[in-house]
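Following: one structure in structure tokens, then a few remarks.
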Amino acid sequence: MPIKKQYAQKYPQLMGRILVLVLALLMVVCIDIGTSMTTHSTSTAHTISTPSHNTTSQNTIHYDNIQETAKPGSVKVEVTLAEFTIVSSVTAFHAGTPYYFVVANRGQQVHEFLILPVKPDGSPQSPDVQYKDKLIEIEQIAPGTTMRINFTFPPSVAGRYEIACQMRGHYQAGMRFPIVVSA
Ligand SMILES: [Cu+2]
């Protein structure tokens with residue numbers, strides 16, 4: 001009798017273990033299918049979105065290449081970027097006047113062309129305000145290349161700004177050039 005009882009107790013335990021094992025296996029299979037499905041869907045989304053905006057890829061270096069032709073009657077502004085300076089041929093801008101920015105990277109490194117607001121005393125704004133109220137942004141200008149872009153300041157943005165590069169450490173190293181926009 002005690003032997004039979006032992007068996008009777010052992011048997012359901014074994015069944016239980018097998019059940020747990022089967023369940024665990026099922027879960028692994030499900031998770032596997034789940035991951036392969038999500039990987040598949042994200043990769044599909046990626047291939048769909050790639051042609052429309054080619055800045056999304058994080059693994060390849062993307063250089064901006066903006067080559068607009070000058071609007072008739074626009075005022076040419078020559079901007080030179082280098083390590084670690086910015087110089088602009090125009091410092092006082094007027095709202096409503098069409099400007100044609102010709103931005104040359106004459107340095108050895110990648111630079112940016114940004115027009116950022118500054119505080120009334122000319123000191124830098126907080127990164128939040130810089131990001132929110134920037135007027136132009138050309139990121140990743142390859143060394144030795146020139147970007148060409150038209151821009152007209154609307155009267156609502158009159159104030160003090162700076163042409164700047166926000167590549168890591170460049171702004172702090174001196175890549176900021178003060179400009180004024182009058183209404
Ligand atoms: Cu820079």
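Start at 1 and go down the list; that is how both ligands and their atoms are numbered.
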| Are side-chain N/O atoms of S123 and D121 paired as donor and acceptor at under 3.5 Å? |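 Side chains of S123 and D121: pair found under 3.5 Å.
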
| Option passing side chain to side chain contact (heavy atoms under 4.5 Å, CB included) with Y161 (candidates L135, V180, L114) |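 It is L135; the other options fail the test.
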
| field | Salt-bridge present (R176, E162; N to O < 4.0 Å) | value |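 Yes, R176 and E162 are salt-bridged.
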
| query | Parallel under 30°, tilted from 30 to 60°, perpendicular over 60°: which one fits the rings of F101 and F113? | reply |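 F101 vs F113 ring planes: tilted.
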
| Around the Cu ion (ligand 1), how many protein N, O or S atoms are closer than 2.8 Å? |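 Protein N, O or S neighbours of the Cu ion (ligand 1) under 2.8 Å, waters not counted, come to 4.
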
| field | More than 12 heavy atoms of other groups within 6.0 Å of R106 CZ | value |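 Check fails, neighbour count at 12 or below.
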
| task | Could you give me the CA-CA distance, side-chain angles and deciding distance for F151 and Y99, then say whether ring pair (Phe, Tyr, Trp, His ring centres under 6.0 Å) is met? | result | CA-CA 5 Å; F151 190 77; Y99 291 98; 8.7 Å; no

